[in-house]
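Notes follow the structure.
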Number of protein chains: 2
Amino acid sequence: MSGGANLPALRHHNASLVLDLLRVAGEQGISRLELAERTGLTPQAVSKITARLRAEGLAAEAGRLASTGGKPRTVLRLVPDAGYAVGLHLDRDELTAVLADLAGTTVATRTFPLDLGAPAADVLATAAHAVQTVRAEGRRTEDRPVFGVGAALPGPLDHRSGVLHRVTGFPRWDGYPLRDALAEHTGLPVVVDKDTNAAALGLALRERTEADFAYLHLGTGLGAGLVLGGALHRGARTGAGEFGHQTLQLDGPPCHCGGRGCIEALCLAAAGRGDVAEAARVLGAGAANLVGLLDIDRVVLGGRTVAAHEDAYVRGVRAVIEERARREGVTASVPVTVAGGGDRPVAEGAAQLVLAPLFGRAGEDGGERG
Amino acid sequence: MSGGANLPALRHHNASLVLDLLRVAGEQGISRLELAERTGLTPQAVSKITARLRAEGLAAEAGRLASTGGKPRTVLRLVPDAGYAVGLHLDRDELTAVLADLAGTTVATRTFPLDLGAPAADVLATAAHAVQTVRAEGRRTEDRPVFGVGAALPGPLDHRSGVLHRVTGFPRWDGYPLRDALAEHTGLPVVVDKDTNAAALGLALRERTEADFAYLHLGTGLGAGLVLGGALHRGARTGAGEFGHQTLQLDGPPCHCGGRGCIEALCLAAAGRGDVAEAARVLGAGAANLVGLLDIDRVVLGGRTVAAHEDAYVRGVRAVIEERARREGVTASVPVTVAGGGDRPVAEGAAQLVLAPLFGRAGEDGGERG
DNA sequence: TGCACTTTGGCAACAGCGTTGCTTAAGTGG
DNA sequence: CCACTTAAGCAACGCTGTTGCCAAAGTGCA
């Protein structure tokens with residue numbers, strides 16, 4: 001990748017920055033002068049940038065603040081329906097599709113049965129149909145653009161090339177160029193990523209901060225998504241987030257992966273025998289490892305297994321993290337919360353895979369504007 | 001922090017990029033056209049940028065390549081003695097100071113006895129004297145600028161403010177503003193960071209790639225430094241790299257930190273009873289966890305304990321990582337090597353804390369050019 | 001030796017970025 | 001009603017990388 005920057009890149013960078021602040025400000029909006037303070041740009045530059053954004057229909061004026069002795073500040077806000085993105089969550093037995101607007105609000109949701117073991121053509125047809133359905137359903141006006149499709153699915157894959165690897169349990173997909181195939185079927189740009197990454201991105205963007213963030217997903221397996229510095233950390237091979245098979249018990253009980261003492265094995269074994277407290281304690285130990293290693297600011301739990309006993313998992317994980325923080329003499333502990341909405345966060349995050357680059361939240365490789 | 005970019009920022013960004021490629025190219029140099037290809041800038045832009053760098057004395061022409069049918073390419077290289085930085089490693093009983101040139105070559109090294117438990121004024125005086133000594137000793141010509149001092153030391157601290165926390169074993173330092181104090185004593189800009197971070201940065205910059213990188217330091221304690229995307233990952237509170245007290249054995253033997261089954265406790269216990277193979281296996285398990293979680297490209301081991309049995313540790317760690325890679329079906333395993341030179345890498349990396357921002361390798365907060 | 005061709009790299013003009021200086025708009029308070 | 005304050009835009013400007021063009025410096029063949 002290049003890294004060299006020219007004037008259009010500069011312009012795009014600053015526009016993304018302003019757009020992200022508008023997104024974070026939400027319906028409440030933000031004044032030009034605060035944008036200037038937050039970006040470090042001069043007020044005049046912000047005026048020019050917001051004028052362009054307004055001309056493109058991405059931003060609009062929305063009232064004014066109270067005067068502080070002079071002309072009152074004009075409030076700007078994002079125009080949510082200036083553009084949309086489709087998010088797909090391809091799970092083992094189910095396909096969830098959402099249409100999200102620029103503000104990240106889900107304006108349409110649909111669920112379809114799916115068999116990931118079926119031939120690629122069938123899966124592709126289902127996915128393309130789902131895209132068409134939510135596109136038709138969600139937009140208030142037909143002429144608004146749809147920027148693309150984000151597809152999230154389990155198992156290893158390569159985000160850069162959009163090619164799948166050995167999706168767990170479905171070896172047939174190994175080497176399948178899902179991104180290009182889906183792009184051809186839908187006529188839209190497509191981004192693919194792991195389900196945990198998508199969920200982590202979506203949940204991180206919901207917040208108003210740029211804090212470092214970890215999402216732990218406990219369902220039929222255990223995985224993690226990491227958002228560092230406001231953008232997904234995928235690693236060179238999209239392999240980051242391999243959390244379930246971290247060794248947490250040297251020479252512990254065997255795991256189906258061939259290893260021993262993996263977090264996933266310990267956690268699911270405890271959950272399987274109904275010992276939620278122990279499962280939460282194991283998960284907490286892994287989470288605390290992660291928090292310490294990366295100096296994470298916030299941990300969010302999700303997935304079906306967690307959803308069944310939300311309070312118990314949050315309490316258990318929080319207890320371990322707080323205890324370790326106390327040992328290290330840190331006063332402020334890392335907050336632990338749970339992602340509501342079952343599996344929806346994955347599909348919503350998948351849509352954010354497309355939208356995030358507009359706000360400068362792309363991962364390592366900088367995505368272009370459509 | 002801001003993030004807004006203007007023309008000087010653009011210019012600085014591109015200059016850093018070119019300077020970094022020149023640094024990586026080393027004595028061999030690199031042609032203008034290859035710089036253009038690698039940065040994505042036009043050849044004309046590279047010509048202008050390199051002309052400025054040559055005018056500033058940072059770059060110089062160095063011969064030409066063989067012709068490929070037309071005018072041969074002119075090779076450019078970094079001028080190593082265009083500037084220097086001092087690196088300090090404040091260890092518990094010893095102070096190592098180095099003077100490094102722009103290319104990262106150490107041109108002077110000195111070691112002084114030090115008692116970290118002594119009053120701050122004494123420690124400061126020793127450090128300032130060490131800085132003066134290597135400054136006087138190393139530079140070929142007196143008029144070359146020294147950009148600043150990087151100070152690396154154990155224990156938690158805040159990189160941004162330059163304030164120490166509870167340096168392990170020396171609680172007196174808690175809250176001491178080392179950066180500002182040392183800046184006043186030396187008259188130079190100062191950067192402070194953890195010893196493991198400094199070592200990781202220095203070792204990462206030695207390589208020609210921008211791969212994600214982990215440095216594991218096993219001495220009297222066990223810590224890690226992480227370089228992600230070419231720059232140090234410190235976390236919001238400079239707390240990242242807390243590797244020694246990762247739980248690796250749930251409910252395992254107690255650790256002096258108050259926890260149980262920490263990697264450090266397991267590893268040092270094995271090393272203490274002479275079981276190097278077991279210590280290496282434990283370290284390997286932790287390293288494999290880290291590699292999987294972050295999709296790390298390369299692991300380097302260092303520290304006095306490792307230095308005593310380099311081959312055994314490298315073999316042991318490599319074995320665990322390779323076994324896990326095999327389980328996951330990954331063909332190319334992550335290389336594991338050892339950092340030579342005892343504790344010198346820490347002091348050399350400390351100098352890089354000052355130099356890295358010139359090459360766009362600063363951490364989250366973008367450092368300015370002097 | 002001479003000429004056609006290829007490739008490198010700089011000069012000059014240019015479009016477009018944020019910045020600066022100043023003006024206009026739109027409030028508050030006496 | 002007027003002085004004052006604050007917000008926001010217009011115009012000119014400096015500087016960025018880009019584009020179009022040309023000189024420099026090689027190779028290869030006649």
Side-chain angles (χ1 to χ4, degrees), chain A residues 2-19 21-22 29-56 59-77 360 366 369, chain B residues 2-19 21-22 29-56 59-77 360 366 369:
Chain A
S2 55
N6 49 22
L7 288 175
L10 178 74
R11 169 194 183 131
H12 179 250
H13 171 83
N14 286 337
S16 297
L17 219 59
V18 169
L19 220 46
L21 288 172
L22 288 170
I30 185 171
S31 68
R32 286 179 180 80
L33 273 131
E34 194 176 344
L35 286 171
E37 286 168 20
R38 300 274 285 266
T39 55
L41 296 168
T42 59
Q44 180 60 25
V46 172
S47 270
K48 283 189 177 180
I49 292 167
T50 55
R52 285 199 299 262
L53 293 177
R54 284 191 299 155
E56 294 173 35
E61 299 198 337
R64 22 186 68 178
L65 295 175
S67 166
T68 59
K71 178 175 175 179
R73 300 183 174 187
T74 311
V75 170
L76 300 169
R77 60 168 183 72
R369 186 118 146 259
Chain B
S2 57
N6 49 22
L7 286 175
L10 178 74
R11 171 196 182 127
H12 180 250
H13 171 84
N14 286 337
S16 297
L17 219 59
V18 170
L19 220 45
L21 288 172
L22 288 170
I30 184 171
S31 68
R32 286 180 180 80
L33 271 118
E34 193 175 345
L35 286 170
E37 287 167 20
R38 300 273 287 265
T39 56
L41 296 169
T42 58
Q44 180 60 25
V46 171
S47 271
K48 283 189 177 180
I49 292 167
T50 54
R52 285 198 300 262
L53 293 177
R54 283 190 300 155
E56 293 173 37
E61 298 198 338
R64 19 186 72 177
L65 296 176
S67 166
T68 59
K71 179 176 175 178
R73 301 183 174 186
T74 311
V75 171
L76 299 169
R77 60 169 183 74
R369 185 118 146 260

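Sequence lines set the chain letters: A, B, ... in the order given, protein chains first and strands last, and positions in each chain run from 1. Keep in mind that the numbers below use all heavy atoms, side chains included, and drop hydrogens, waters and symmetry copies.
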Next on the checklist: Could you tell me how far apart B:H13 (NE2) and D:dC15 (C1') are, to the nearest whole angstrom?
Outcome noted: 17 Å
Checklist outcome for this item: Partner of A:R32 under side-chain hydrogen bond (donor to acceptor under 3.5 Å, both in side chains), picked from A:E37, A:E61, A:Q44, is A:E61
Checklist entry - Are any non-hydrogen side-chain atoms of A:L7 and B:L7 less than 4.5 angstrom apart? => result yes
Grab the N/O contacts between the protein and nucleotides 26-30 of chain C below 3.5 Å, and write none if there aren't any.
residue: C:dG27; atom: OP1; partner: A:R64; partner atom: NH1; Å: 2.8
residue: C:dG27; atom: N2; partner: A:G69; partner atom: O; Å: 3.2

Checklist entry - Can a side chain N or O of B:T42 be found less than 4.0 Å away from OP1 or OP2 on D:dT18? => result yes
Checklist outcome for this item: Ranking C:dT19, D:dG9, D:dT18 by distance to the side chain of B:N6, first place goes to C:dT19
Checklist entry - In whole angstroms, how far is the P atom of C:dG9 from the CG atom of B:L53? => result 15 Å
Item to check | Distance in Å, B:N14 CG paired with B:L35 CG, rounded so as to fall on 0.5 Å steps | outcome: 11.5 Å
Checklist entry - With sugar-phosphate meaning primed atoms plus P, OP1 and OP2, does B:T74 contact a base, only sugar-phosphate, or nothing at under 4.0 Å between heavy atoms? => result sugar-phosphate
Next on the checklist: On DNA chain C, does the nearest nucleotide to A:A45 precede the nearest nucleotide to B:L33 from the 5' side, or the other way round? Give the residue.
Outcome noted: B:L33
Checklist outcome for this item: When rounded to the nearest 0.5 Å, the distance separating CG of A:L17 from NE2 of A:H12 is 11.0 Å
Checklist entry - Atom CG of B:L35 to atom P of D:dG17: distance rounded to whole Å? => result 14 Å
Checklist entry - CG of B:L21 to CZ of B:R38: how many Å apart, nearest 0.5 Å? => result 5.5 Å
Item to check | Spacing of A:I49 atom CD1 and A:L76 atom CG [to the nearest 0.5 Å] | outcome: 12.0 Å
Checklist entry - Rounding to a whole Å, what distance do you find between B:L65:CG and D:dA25:P? => result 16 Å
Checklist entry - Would you say A:R54 reaches D:dA8's phosphate, i.e. side-chain N/O to OP1/OP2 under 4.0 Å? => result no
Checklist entry - How long is the line joining CD of B:E61 and C1' of D:dA24, in whole Å? => result 13 Å
Item to check | Side chain A:H13, main chain B:G3, donor-acceptor under 3.5 Å | outcome: yes
Checklist entry - How close or far is atom C1' of D:dC13 from atom CG of B:L7, stated in whole angstroms? => result 12 Å
Checklist entry - To the nearest Å, how far apart are B:L41 CG and D:dT19 C1'? => result 15 Å
Checklist entry - How long is the span from the CD atom in A:E34 to the OG1 atom in A:T39, to the nearest 0.5 Å? => result 10.5 Å
Checklist entry - For the pair made of CZ in A:R52 and P in C:dA15, what is the distance, rounded to whole Å? => result 17 Å
Checklist entry - Start at the 5' end of DNA chain C and walk down; is the nucleotide closest to A:L10 or to B:R73 reached first? => result B:R73
Checklist outcome for this item: Per nearest nucleotide of DNA chain D, the residue lying toward the 5' end, B:N14 or A:S47, is A:S47
Checklist entry - Looking for any heavy atom pair under 4.0 Å, which part of the strands does B:A5 touch: base, sugar-phosphate only, or nothing? => result sugar-phosphate
Next on the checklist: How close do B:R77 and B:G29 get, counting heavy atoms only, and between which atoms?
Outcome noted: CB-CA, 4.1 Å
Using atom names, set out every protein N or O paired with an N or O of nucleotides 11-14 of chain C below 3.5 Å, distance rounded to 0.1 Å.
residue: C:dC11; atom: N4; partner: B:Q44; partner atom: OE1; Å: 2.9
residue: C:dC11; atom: N4; partner: B:Q44; partner atom: NE2; Å: 3.1

Checklist entry - To the nearest 0.5 Å, how far apart are OG1 in A:T50 and CG in A:L19? => result 11.5 Å
